[in-house]
Amino acid sequence: MPQKTVAASETGDSLLLTPGPLTTSKTVKQAMVHDWGSRDAAFIKIDQSVLSELVHIIHGGDEFVTVPMQGSGTFAVEAMLTTFIPKSGKVLLLVNGAYGQRAKKICEIAGRGVAMHETAEDKLPDLAAVEKMLKDDAAITHVFSVHCETTSGILNPIEEIGALTKRYGKSFLIDAMSAFGAIMLDSRKVTFDAVAASSNKCIEGVPGLGFVLARKSVLEKTKGNATTLVLDLHDQWANFGKTGQYRFTPPIHVIVAFHQALQEFNAEGGVAGRGKRYSDNCRILIDGMRELGFEPLLPDRLQAPIIVTFHMPADPNFVFQTFYDKLKDRGYVIYPGKLTVADSFRIGCIGRLYAEHMRGALGAIADILGEMKVASPKPAKAA
Ligand SMILES: *Cc1c(COP(=O)(O)O)cnc(C)c1O
């Protein structure tokens, strides 16, 4: 039998073909081997550089400001929704996956008015229906959408939704978490008031910092909206204005690593460069998996180059847990599905992964299908 090869990151860890946290570079991790005080001038300088770099990514100029929020990405989404939507507001949520559902839960807990336009996880929002809702329901003040809905990997039409929202004079809020830094979101082309993302997705930092890029003229008017002390973006921002400091302990090491990650992001050519590497990863993955007989959930035109959902094979010899464990043994970590429309699993293309890693994963998958005696990984019925 041929020797099993085990793939590894630069630091010898398994490769994370997941929606996050992701494989990061060695230099990003190495940036964390120091201590800084939160009032240390060196740290404050690094933090300010991170916050202004993030504004550049959306071409936000002087109109936008980054408000960081300690915690994972959801902390930033909850902070955005509860700070921007006032108690008297009502948000139209465009939902086609678990992250849209999460936004609904956040709004309900916070007691915000909610209207829903929900489509299946493999379907785009119906913009004519959205327009009708905007026309018919004058109480709607905000519209929320997820850029890449990581549940399936679908790319939502953020520019069209932005144009519609603008036409009806509503405030547009975006969860761009898994797309930010890999798929262009240009504030000069898409009109929005806030976008939430985090340190540990396409910028390839470590987890621990969420952030919201906020339109200053709108953020200024959100005082008193927040439902919690911690997730109050207005207060966090106002405090930066007054003291240059976080209100509560910042994740210093995460921020310093994020600073290094942003330098590596810029060195790769920013959104264009990073987006190209991920698109190449995604193409190799989908072509290779199709060749093996797997079927992706989404047609290519709906697929974002972030994470790919595959239908579960019908062959009874294909046991997902065994498949997962065998891939992990070879150094590749994949992700279970989260769909309600179909039994599935997911493979990510983001993080410090290159073409050779995707090819390595495909080789391992081919071997494992042989070991499991799976004749064909076709799903039960054609997608
Ligand atoms: C990852 C992700 C989040 C945030 O998830 P956390 O686990 O809180 O980091 C939010 N929205 C989308 C679309 C995501 O992909």
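For ligands, and for the atoms within them, numbers begin at 1 and follow the listed sequence. From a predicted model like this one, the values you see are computed outputs, not experimental measurements.
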>> Quiz question: by atom type and distance under 3.5 Å, do the side chains of Tyr246 and Asp47 form a donor-acceptor pair?
In response: yes

> Do any N or O atoms from the side chain of Thr191 and from the backbone of Lys166 form a donor-acceptor pair under 3.5 angstrom?
Replying inline: no

> Is it the case that Asp325 and Gln321 place a side-chain donor and acceptor less than 3.5 Å from each other?
Replying inline: yes

> Protein residues near ligand 1, heavy-atom distance below 4.0 Å?
Replying inline: Ser72, Gly73, Thr74, Tyr99, Arg102, Val146, Cys148, Thr150, Asp175, Met177, Ser178, Lys201

> With a 6.0 Å cut-off on ring centres, are Phe345 and Tyr335 close enough?
Replying inline: no

> Any luck finding a side-chain donor-acceptor pair between Thr83 and Asn225 under 3.5 Å?
Replying inline: no

Under 3.5 Å donor-acceptor pairs involving side-chain atoms of residues 251-262, not counting sequence neighbours:
unit_1	atom_1	unit_2	atom_2	d
His253	NE2	His34	O	2.8
His259	NE2	Ser49	OG	3.3
Gln260	NE2	Glu264	OE2	2.6

